[in-house]
Structure formats: structure tokens, C-alpha cells
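Structure first, commentary second.
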There are 2 protein chains.
Amino acid sequence: MRRASEETKATILDAARDRFAADGYERATIRAIAADACIDPSMVMRYFGSKEKLFAAAAHFDLELPSLVQVPRSEVGERLVRHFLDRWEGDEALMILLRSGVTNAVAAERMQAIFAEQLAPVVAEVAADPSAPASTRAGLVASQILGLALCRYVLRFPPVVEMSREEVVRWVAPTVQRYLADPAVPPPTPR
Amino acid sequence: MRRASEETKATILDAARDRFAADGYERATIRAIAADACIDPSMVMRYFGSKEKLFAAAAHFDLELPSLVQVPRSEVGERLVRHFLDRWEGDEALMILLRSGVTNAVAAERMQAIFAEQLAPVVAEVAADPSAPASTRAGLVASQILGLALCRYVLRFPPVVEMSREEVVRWVAPTVQRYLADPAVPPPTPR
DNA sequence: TATGTTGGCCAACGTTTGTTGACTTCACTC
DNA sequence: GAGTGAAGTCAACAAACGTTGGCCAACATA
């Protein structure tokens with residue numbers, strides 16, 4: 001079958017995203033990706049150069065975080081949690097990074113960059129309280145959000161999977177809200 | 001060199017734990033493990049049968065969670081966070097599971113089992129408030145604890161790495177405390 | 001009809017993987 | 001001192017991997 005070049009490239013990229021999301025970097029093979037795309041493995045090399053470059057193309061993505069300046073300060077935690085739930089469930093890009101970032105250095109760096117460049121600025125907008133730097137707050141938010149995704153979508157811990165979306169929001173939003181806006185607990189003052 | 005059988009087996013197991021913790025299941029090769037243990041790869045097979053069985057032996061471990069019944073109810077979150085920090089930093093077993101559980105089904109099941117059999121009972125002891133089942137509370141605790149470990153020890157997000165141990169406790173302990181003991185936020189009642 | 005370009009397939013390469021079986025070397029018992 | 005069993009080495013296996021280069025067929029332009 002004969003297609004336009006860009007069409008084939010997009011087909012390969014779709015298949016690659018599926019495989020990287022399901023298997024992680026090492027277990028997702030060029031051959032399997034090519035089979036999914038009904039194409040010869042050598043085509044993958046022709047269009048993307050190498051497995052590493054294919055991964056770089058597949059892992060390119062945007063958190064699409066909305067600015068939170070317009071949101072009432074007391075609701076920023078909830079808004080962020082809802083946005084991330086949408087993002088995890090609607091797109092496999094974060095799954096690619098989570099599955100690959102744990103064993104692949106390139107993926108880990110990419111993940112760091114995404115959170116530094118996309119999450120940190122949004123957090124900085126709403127982190128009015130000066131008792132902790134915005135970067136620390138962003139790190140804490142990331143720890144809860146990624147841990148939730150890990151348990152719910154990757155490790156599939158039954159109690160976490162069984163929670164409804166609204167239950168998740170009711171439990172996790174206050175945590176994120178606190179990380180975003182509350183003052184840091186002061187260290188105990190010895191005397 | 002000639003050694004007792006059990007000694008060699010232990011040497012192999014040590015090397016295997018190091019490699020699995022550093023590289024995850026797929027990237028840790030039998031050959032590399034054998035080289036670290038200064039032994040022939042075929043010895044690994046003789047003693048453990050297969051790579052899967054070697055992994056099963058290496059991933060066998062105990063959270064060593066203390067019972068929390070004697071701990072004042074208001075301090076259980078802090079105690080749990082401190083215990084996990086000790087555990088992450090003192091032993092690589094949790095790192096093995098975290099690095100491998102994301103791509104390896106056996107490791108993911110093992111992880112599920114450990115949290116169900118070891119964390120859930122301890123949580124059940126202190127989860128007095130009946131507005132949420134103890135299993136849900138355990139899942140939430142796992143999400144925050146594993147997310148913290150992911151960001152701090154695996155992905156190495158700079159702001160999370162740079163936090164001192166005490167800072168981590170001051171931020172995360174209240175979260176875990178709330179998951180353990182606080183009443184669930186009631187759903188909004190439409191009228 | 002010739003020609004150059006381009007999408008696609010095929011066969012193979014060199015390497016690495018888990019795994020196997022035969023062989024050697026030591027320590028001990030009869 | 002011959003013989004047995006276990007500890008350890010060596011070489012090789014089949015399979016899978018990323019990657020390469022050559023060949024074929026369809027199209028566009030002349």
C-alpha cells in the first residue's frame with residue numbers, strides 16, 4: 001500500500017506512543033511498533049533515525065495547564081487535581097513518561113523538564129505564602145500527583161482504582177491545596 | 001576460587017539486588033549480575049533457575065512496619081513517614097520494586113501484595129474513623145509515600161531532593177495523618 | 001516513452017540476551 | 001589411592017534486538 005509520507009509517519013508515531021505507554025522504553029521494540037503500524041521496521045528507522053529519536057518524538061507533549069490566577073485561591077488545589085485526572089485519562093503521554101522515566105535517563109530528564117517548565121510557573125502564580133519557595137511547593141504537588149497516577153493507573157492498587165473520580169478529588173485536592181498555599185509548618189524551636 | 005554453596009548464592013543475590021535496584025528488571029542482565037559477583041553467568045542459573053526466579057528471590061522483603069497502636073493518634077502520620085524515609089534510605093528493596101514494578105507485571109503484583117499484607121493491616125489498626133474504609137486510607141497513604149519516593153529517589157526532582165529530611169516530614173506527615181485518621185470530606189448534597 | 005524521486009519491503013549484519021550441557025577441578029570418603 | 005559429588009569454567013545455542021543497504025514498484029515530470 002502506498003501512502004503520503006506524513007501519514008505513515010503519524011501512524012508510526014501513534015503506534016509508538018501506544019507501545020511506550022504500555023511497555024516502557026526498553027520493552028517496547030521497534031519491531032512491535034512497526035507491526036502495530038503495519039509497516040516494515042526499517043521504515044521506522046527511515047522516518048525517525050533511531051529508537052531514541054522515536055522516543056523523543058513520542059514523549060513530546062504539553063501538560064496544558066491552565067493559568068490559575070483567575071481561580072479563587074481556595075479552589076486551586078481542586079482545579080489542579082481535576083485537570084491532572086483529565087490529563088491522565090485522556091492522553092497516554094504522561095503514561096509514557098511515567099513508565100519510561102523510571103529506567104530511562106532521557107525520559108527522566110524530560111519529565112523533570114516538563115515539571116520545571118510547565119508545573120512550576122503555574123504553582124508560582126498562586127503560591128503567595130512566602131514561608132516556602134514555589135519550587136518546593138511544585139515538587140510536593142508533583143509527588144502527590146505522580147504517586148496517585150502510579151497507584152491508580154500503573155500499579156493498579158485495587159483500593160485506589162476503585163475510588164471514584166469525585167472521591168479522589170475529595171481526598172487529594174485538600175493535600176494539593178495545602179502544598180500550594182498553606183504556610184510551612186515551622187521547625188520546632190529548641191531552647 | 002572455591003566456596004560454600006550458600007556463600008556464593010548470597011553473593012549473587014547481593015549483586016542482583018544492586019542491579020535490579022539501579023536498572024530495573026529488563027535492563028539488569030544476568031551477565032552483568034554475574035560479573036559483579038565475580039562468577040560465571042551459568043552459576044546464576046544453577047542456583048536460581050531463571051532470571052524470573054532470581055528476581056523473585058531478590059524482591060522478597062519486609063516493610064518492617066511497627067505496630068502503631070501504642071503511638072499517640074496525633075503522631076501516627078509522622079511516625080509512618082519517618083519509618084518510610086528510613087526504609088527507602090537504608091535498604092534498596094523498595095527501589096527494586098519501584099524500578100521494576102512499573103514495567104514488570106510480576107513486580108507490580110508483588111508490590112500490591114506487600115502493601116495489602118503489610119501496610120493495610122497497620123493502617124487498619126489506627127483508622128478509627130469509619131467514614132472511609134481502611135483499605136482506601138491505605139491506598140491514599142501509598143500514593144503519597146510512593147510518589148515522594150519516586151520524585152526524591154528515582155526521578156530526582158531537584159526541589160524534592162534538596163528538601164531536608166525534617167522538611168519532608170513537616171510537609172508530608174500532615175498529609176499522611178489526614179489520610180489515616182481524618183473523616184472523609186462528605187460529597188456535596190444537591191437539593 | 002524515458003527518468004528521477006519516493007514509499008515500501010526484504011534479507012541480512014552484528015550484538016546481546018537468557019539458557020544449556022559438557023568439561024575441569026577440588027574436597028572428601030571408602 | 002580410587003571414586004563420588006559438588007563447585008566452577010567454557011563454549012555454544014537459539015532467539016530477539018537495533019540497524020543497514022539494496023532492490024522493487026508506483027508516481028510525477030519530461
Side-chain angles (χ1 to χ4, degrees), chain A residues 1-59 96 99-100 102-107 110, chain B residues 1-60 96 99-107 110:
Chain A
M1 191 194 317
R2 213 169 151 82
R3 291 176 285 195
S5 163
E6 287 305 317
E7 194 180 330
T8 303
K9 203 169 168 179
T11 306
I12 295 172
L13 204 54
D14 276 355
R17 277 198 242 264
D18 286 347
R19 282 284 175 178
F20 283 132
D23 298 339
Y25 183 80
E26 354 277 344
R27 289 189 37 188
T29 68
I30 296 262
R31 285 170 149 89
I33 291 166
D36 288 355
C38 299
I39 220 75
D40 192 87
S42 64
M43 288 279 92
V44 179
M45 302 303 292
R46 187 121 98 207
Y47 284 124
F48 293 94
S50 70
K51 186 181 180 181
E52 253 191 58
K53 289 179 190 168
L54 173 62
F55 179 81
I96 295 176
R99 274 243 161 75
S100 301
V102 167
T103 48
N104 187 273
V106 176
R110 178 72 65 99
Chain B
M1 191 196 314
R2 213 165 152 82
R3 292 175 284 196
S5 164
E6 287 304 317
E7 194 180 330
T8 302
K9 203 168 169 177
T11 306
I12 295 172
L13 204 54
D14 276 354
R17 277 198 242 263
D18 287 347
R19 282 283 177 179
F20 283 132
D23 298 338
Y25 183 81
E26 353 278 344
R27 289 189 37 188
T29 69
I30 295 260
R31 284 171 151 88
I33 292 166
D36 288 355
C38 299
I39 220 76
D40 192 88
S42 65
M43 287 278 93
V44 179
M45 304 302 292
R46 185 120 101 205
Y47 284 125
F48 292 94
S50 70
K51 185 181 179 180
E52 254 191 56
K53 289 179 189 167
L54 173 63
F55 179 81
H60 218 288
I96 295 175
R99 274 244 161 75
S100 300
V102 168
T103 47
N104 187 272
V106 176
R110 178 70 66 99

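Chain letters run A, B, ... following the sequence lines, proteins first, then strands; residues in each count from 1. All values below come from the heavy atoms of this structure, side chains included, with hydrogens, waters and symmetry mates left out.
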When we call it a touch if two heavy atoms are under 4.0 Å apart, what does A:Thr8 touch: a base, just sugar-phosphate, or nothing? sugar-phosphate
Could you tell me the separation between the OH atom of B:Tyr47 and the P atom of C:dT19, rounded to a whole number of Å? 18 Å
Of the listed nucleotides (C:dG7, D:dG21, D:dT9), which one gets closest to any side-chain atom of A:Ser42? D:dG21
By the 4.0 Å heavy-atom rule, please label A:Phe48 as base, sugar-phosphate, or nothing. nothing
Rounded to the Å, how far apart are B:Met43 CE and C:dT20 P? 13 Å
Could you check which of C:dG7, D:dG18, C:dT17 has an atom nearest any side-chain atom of A:Ile30? D:dG18
Ranking A:Gly49 and B:Asp40 by the position along DNA chain D of their nearest nucleotide, the one closer to 5' is B:Asp40
Which one, D:dT20, D:dG8, D:dT9, comes nearest to the side chain of B:Arg46? D:dG8
What is the separation between atom CD on B:Glu26 and atom P on D:dC17, rounded to the nearest whole Å? 12 Å
May I ask you to say what A:Ser50 touches in the nucleic acid, namely base, sugar-phosphate or nothing, with a heavy-atom cut-off under 4.0 Å? sugar-phosphate
Whole-Å gap separating C1' (C:dT19) and CZ (B:Phe55): 20 Å
In whole Å, I'd like the distance from the CE atom of B:Met45 to the C1' atom of D:dA14. 14 Å
In whole Å, I'd like the distance from the CZ atom of B:Arg19 to the C1' atom of C:dG18. 16 Å
5'-most contact on DNA chain D (nearest-nucleotide basis), A:Glu52 vs B:Arg31, goes to B:Arg31
